[in-house]
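To start, the structure itself, in structure tokens.
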2 protein chains.
Amino acid sequence: MREGPDIARIASLVGDPARANMLNALMGGTALTASELALEAGVSLPTASSHLSKLMEGGLLTLASQGRHRYYGLAGPQVAGMIEAITGVAEAVGPRRVRPGPRDGAMRVARVCYDHLAGEQAVAMLDRLVDKNILVRDDKEIRLGPSAASHFAAIGIDVYTKPRRPVCRACLDWSVRRSHLAGTLGAAILDKILAEKWARREKDSRAVVFSPPGKQAFERVFLA
Amino acid sequence: MREGPDIARIASLVGDPARANMLNALMGGTALTASELALEAGVSLPTASSHLSKLMEGGLLTLASQGRHRYYGLAGPQVAGMIEAITGVAEAVGPRRVRPGPRDGAMRVARVCYDHLAGEQAVAMLDRLVDKNILVRDDKEIRLGPSAASHFAAIGIDVYTKPRRPVCRACLDWSVRRSHLAGTLGAAILDKILAEKWARREKDSRAVVFSPPGKQAFERVFLA
DNA sequence: GGGATGCTTCGATGAGGATCAAACCATGCG
DNA sequence: CGCATGGTTTGATCCTCATCGAAGCATCCC
């Protein structure tokens, strides 16, 4: 009989299909309402509500009330990281896909991870930024390089705006198994990609699809 | 209703207290028999057996039969990483400890993580090895530096013995939140620490306790 | 106010699963 | 072979928890 943090409690919260679907949906990064999550999980509204209060009590979600809407979101990057870790194992031990569907492929290339970009594109981007010494890798920690402020300012991103969260963070990519960029900078870059309409979010999915010109623009700015 | 890897299935396996205790026990790295795990989890033998077959079917465990003993062990580092991630969240959201017990402290300083050393000591060790350019950090990847082979040979560790698994791997430390060294080299170092009796494993715990002279020896070899 | 919408609470139902005792296999030992 | 030890299987019991309909709050709009 062991002691320590109650991992069974946390895992069992994720262990219900309805709740797992909700959490998966929230991995998209945008906070959702109870009805949206009910739809997403395929359960009735009362059921969803019950699940949500359990996830809240477990500390996995945050709640923002706005008028009669109540927006549920993931409690933080650590929770997102845990979900990704579980996803990785499920992917590894799960029944082999007969054939990876097209959506799977799109997910591998680029997807939203909580509030930033993940997938092959994101990993390539971080690699390039480190190569160019704009960012500096130092353990899991990623720091801004000397030219970072001016470089990002040139493309309209202010790296000093939101001091609350770390600017750079590494996040392990479950499909590529290497790190991509998280933190406020990662979030800002994703914002820019979507704002510039270089890419759009696939409906009802975490996949991010670049338009041909958008892909060129992205590569010019981040992979050149 | 979403698709993708079945994370609820995996999480629900970890979500039962008895199974969580077993997995926790196996995080110590040594494979255990069904009866040991039953004791560890505080359930009867039949119950434990049932849980174990579920964990096996879920792909979370490996089994090695030796005579009438059957040794269960974690399926691999990825599973161990997932457990650590869940532990991190449980730690973060869990009820605040009134006062961290002495064992908690020991766990923070040094503990076994699957098959290698984790905790403050382990993180410090990796930092120092990278500082001295014996190992080279490159993303999450850690590679051997030019002088690695000779350096480790001098202390009786052959870095080329087991080609099956990667020699070096980074593993995120849930207490320190920074990486420590895993892989066959990490395992070999832990082996050496225990073989030289620099430290012993705390009974029924993942904690690793250094003796005063052992600590000096460790620091001389790895932190100098 | 009155009605509509979004969400939660209550209550009843039902199914899945955790549990253990007893019986059943398998291996090792003398 | 006969017995002890380590493990699994079976069967029965019990309880938690997911589920949804109906009713209850809260907020917004007209």
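Every chain is numbered from 1 and lettered A, B, ... according to where its sequence line falls, protein lines coming before strand lines.
Every ring-ring contact (aromatic ring centres under 6.0 Å, His included) that A:F218 has, sequence neighbours left out, goes to A:F210, A:F222.
When rounded to the nearest whole Å, the span between CD of B:E57 and P of C:dG17 equals 12 Å. Protein atom CE of B:M22 is 11 Å distant from nucleotide atom P of C:dA18, rounded to whole Å. Across the protein-nucleic acid pair, B:L45 atom CG and C:dC24 atom P stand 18 Å apart, rounded to whole Å. Taking atom CG on B:L52 and atom P on C:dC20, their separation rounds to 14 Å, with Å as the unit. Atom CG in A:L37 sits about 17 Å away from atom C1' in D:dA18, given to the nearest Å. Between the CG atom of A:L39 and the P atom of C:dT5 there is a distance of 17 Å, given to the nearest Å. Going from atom CE of A:M56 over to atom C1' of C:dT9 covers 17 Å, rounded to whole Å. With rounding to whole Å, A:L63 atom CG is found 17 Å from C:dG6 atom P.
OP1 or OP2 of D:dC20 sits under 4.0 Å from a side-chain N or O of A:T47. Side-chain N/O atoms of B:K54 include one lying less than 4.0 angstrom from OP1 or OP2 on C:dA18. Between A:Y71 and C:dG6, a side-chain N or O to OP1/OP2 separation shorter than 4.0 Å is absent. Distances shorter than 4.0 Å separate none of the side-chain N or O atoms of A:R70 from OP1 or OP2 on D:dA26. The phosphate of C:dG6 (OP1 or OP2) has no side-chain N or O of A:Y72 nearer than 4.0 angstrom. Phosphate proximity of D:dA18 to A:R19: present, with a side-chain N or O under 4.0 Å from OP1 or OP2. Proximity of B:H51 to the phosphate of C:dT19: a side-chain N or O atom is located under 4.0 Å from OP1 or OP2.
Within a 6.0 Å radius of CD in A:E196, more than 12 heavy atoms belonging to other residues, nucleotides or ligands are found. Counting non-hydrogen atoms of neighbouring residues, nucleotides and ligands closer than 6.0 angstrom, the NZ atom of A:K215 reaches no more than 12 such neighbours.
If you find the closest nucleotide of DNA chain D to A:D16 and to A:P46, the one lying nearer the 5' end belongs to A:D16. Heavy-atom distances to DNA chain D give each of A:V43 and B:S49 a nearest nucleotide, and the one nearer the 5′ end belongs to B:S49.
The listed nucleotides are D:dG6, C:dT19, C:dA18; the one nearest the side chain of B:A18 is C:dT19.
Taking each heavy atom of B:L23 and B:L74 in turn, the nearest pair found is CD2-CD2, 3.8 Å.
Side-chain contact between B:M22 and B:H51: present, with at least one pair of heavy atoms (C-beta onward) separated by less than 4.5 Å.
Heavy atoms of B:S53 sit nowhere under 4.0 angstrom from any nucleic acid atom.
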